[in-house]
Number of protein chains: 2
Amino acid sequence: MNTKYMAGSFKLMKSLNRSLILNTIREHGQISRAEIAKLTKLTPPTVGNIVKELLEAEIVIEQSQGVSKGGRKPTMLVINARSFFMIGVDAGPASVHVIMTDLNADIVQMHEVPLKPGITEADFLNLMISGIKEVINSGKASTDQIIGIGVAMHGIVDIENGISLFAPNLQLRDIPIKETLEKEFAMIVKVENDARAMALGETWFGNGKDVDHLVCVNVASGVGAGVVINGKLFHGEHDLAGEIGHMCIDLNGPRCTCGNYGCLQTHVSGPAIADRAARDLSLGKESILRDMAGNLNELTGEMLHEAAQKGDRFSIEQFELTGRYLGIGLINLIHLLNPKRIIIGGGVSLAGDYLLESARQTVKTRALTESAKNTEIVLSKLGKNAAAIGAVSLILVELFSTKANQS
Amino acid sequence: MNTKYMAGSFKLMKSLNRSLILNTIREHGQISRAEIAKLTKLTPPTVGNIVKELLEAEIVIEQSQGVSKGGRKPTMLVINARSFFMIGVDAGPASVHVIMTDLNADIVQMHEVPLKPGITEADFLNLMISGIKEVINSGKASTDQIIGIGVAMHGIVDIENGISLFAPNLQLRDIPIKETLEKEFAMIVKVENDARAMALGETWFGNGKDVDHLVCVNVASGVGAGVVINGKLFHGEHDLAGEIGHMCIDLNGPRCTCGNYGCLQTHVSGPAIADRAARDLSLGKESILRDMAGNLNELTGEMLHEAAQKGDRFSIEQFELTGRYLGIGLINLIHLLNPKRIIIGGGVSLAGDYLLESARQTVKTRALTESAKNTEIVLSKLGKNAAAIGAVSLILVELFSTKANQS
DNA sequence: TGTATATGTTTCCATTATAAATTAATTTTA
DNA sequence: TAAAATTAATTTATAATGGAAACATATACA
């Protein structure tokens, strides 16, 4: 479904309609055959036939009957959420977070293991494997109901081969995640960049459900984004789309770890916020942070958040400043991609109350047109589970989407 | 073809295959039925049937027979370029450029009229109308062969309604181009932003033919871009995608006409180049420009180009500096969209020899990964006709692309 | 109780791709 | 030079769907 021109075939036709009906049911929670036909403009028999297949595959079940609208009661159809399960792995910089969910992305089991700095590739992979085993062996689902494993990995990822090309926080390169997990568990494995996974998660189950074009920005120890176009993840030519952490917004700005100057990441990432606060404090500014942190070098974004919640003016202003920088980044993104909505996630978004408004204000001030000014900027709905649920969604896409060569 | 989920139908199936075959013929120049079947993986009868229809519609014709490969000679098929004609209008800031082309985008007639500053909406529309009439009345094509008019308009455009919402260089708003021209000429009219039209033109007939994801950057009196994803123009939610002129690359940079600071446009547009050169000259730098321009205020980008061609070190350095700034903009774009190729067009690209290399160098230096470093950066192939040919392509897309509700 | 109405299914039909066989036109080769 | 092999294109028959219309079913409401 990704080529310039696509061949039409019976399989494609069927698959398109199957996908259309399945997603209509999913989006509506429960819906009758007649209503599906109306919404999709498919004819009643077409809907009936495909629904029959979905019922046989047990992906869909008939629920109790709905209320009549002056005639025969409709039979409501719902996704059979507990027919299949998926595993999602959020391999963040500090921990590996494994979840198992049903088709509604409701979590039925989870397990988290911390990551020690300086871990080797083998240990990292083993940790992931044992975490996944832990979840599978919970017995919350029978093994043959589990249809795949999705992995959200920070850093640069080669999607096709499922390789983590560069994981800056682990200082590892070329980790063969897909190959390893497929050998171990004998099921489909999909690997994706964490920000993109978050974007997919928000699109399917979070604050992006009703939107065609959106960008999900992950503000954590780094800054990344996932770009969704027409409801699908956009990867670009080399799976690099969305790497906005090193977008230059300040030619003469501070030096970044990447060697350049003025990257967005040097202004709005968690560490950047802490560093700036430490610098400002060392200049003599007043704040309760002085009491909270023994040493200014140990200052973290979390501390600033805590202080802000206690009403610390200094910390609140630091977040507002961060919001303004973030707003500049968003403006660049809005003018280039013009999404309908931007979703902010990642650790820093916990302080969303303090930085969101100033980011919105910056966008309003700098945007070129009225519609750009009104680009919706909201917080992630899935919060700390966003990446893991995004990882799960990678597998769900396989089940729910159109494949020209589907059976 | 733009919704998240699409219904499958016989019409769609047929239309997809028609489009696939038509574009296969177009891309190959000439090709046999058997070869099409091999390439598209359609069966020979399917290809034969659709080709028969295309022959009847006279969009395709049978050419002389090709050379045998050890069996019956293949009958070569080619696009019947002179069966239909299209009109393309490039409504730039300084002139209206009207062309008529055949299906190969070969220009059969052209006409250009200058635009006076302070023109009224009515005069502008009348100018366009008379320009188009001039071309139609040339007799190079019979009226019923002309299938539509495409308009590439600078500024912000509402595609659906064909309205120029804001044309900064004309100081006009809400010009109803589509409505006016459709009433006057009774044929399909498509209106598009100039940079996006250029991008489409390059995709179909220029340096973007073989690429799925590309961005075409128009560096002229302003800076704009057209984003092509999967071979199709990407518009974003409000037809604003690609407005990179006001991307912020320098928080504390010079003030832009938009009211903000450090927009890309204040560093790399034609006027920006001239302004910066004038400022540097006023500081006493040496250059033959001093003799060429009577007054430093009258300095133009063209003059710098002329001087550079004469070997003027100062002017060459100005372009190289511009290239570095442009490179920063491209890096931001590469990290967000990761296109395979970036095409530079617009007036400033005439000085491409002087700025392209430093732009490439900047990208190589700042890009995050090897593949990003190697993003191809090339000049427009269509040059000054890019926007007009892009405008023509807007109509061509209608003829060549898939429509679910096509006959 | 009957009529209108909404839901869902069946029956028949239309459209199109697909597979296999056939015809056609050449080259290769014995 | 004639037969065999090869490639191209068409014909014929078949299969896989979606689409239209009629039908059956269940319910509300007058």
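In the text below, chain A, chain B and the rest are named by the order of the sequence lines, each starting its count at 1.
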Residue A:F10, side-chain atoms from C-beta onward, closest of D:dA8, C:dA17, D:dG18: C:dA17
From the options B:I389, B:L396, B:L399, B:I146, select the one residue that forms a side-chain contact (heavy atoms from CB on, under 4.5 Å) with B:M86. B:L396
What does A:Q65 touch in the nucleic acid at a heavy-atom separation under 4.0 angstrom: a base, only the sugar-phosphate, or nothing? sugar-phosphate
Need to verify one output field. Residue with the more 5' nearest nucleotide on DNA chain D, B:E62 or A:P45? B:E62
For the atom pair CD1 (B:I188) and CG (B:L181), what is the distance rounded to the nearest 0.5 Å? 13.5 Å
Using a 4.0 Å heavy-atom cut-off, does A:S68 contact any base of the nucleic acid, only the sugar-phosphate backbone, or nothing at all? sugar-phosphate
Kindly check if the number of other-residue, nucleotide or ligand heavy atoms within 6.0 Å of CD (B:E58) is above 12? no
For A:K73 and for B:K38, locate the closest nucleotide of DNA chain D by heavy-atom distance; then report the residue assigned to the nucleotide nearer the 5' terminus. B:K38
With a non-hydrogen cut-off below 4.0 angstrom, is A:N49 in contact with a base, only sugar-phosphate, or nothing? nothing
Would you mind classifying the nucleic acid contact of B:P44 as base, sugar-phosphate or nothing, using non-hydrogen atoms under 4.0 angstrom? base
Quick check: does any side chain N or O of A:D239 sit under 3.5 Å from a backbone N or O of A:H235, one acting as donor and the other as acceptor? no
Please pick, from D:dA8, D:dA9, C:dA17, the nucleotide with the shortest atom-to-atom distance to any side-chain atom of B:R33. D:dA9
Base C:dA6 to side chain A:R72, donor-acceptor N/O within 3.5 Å cut-off: no
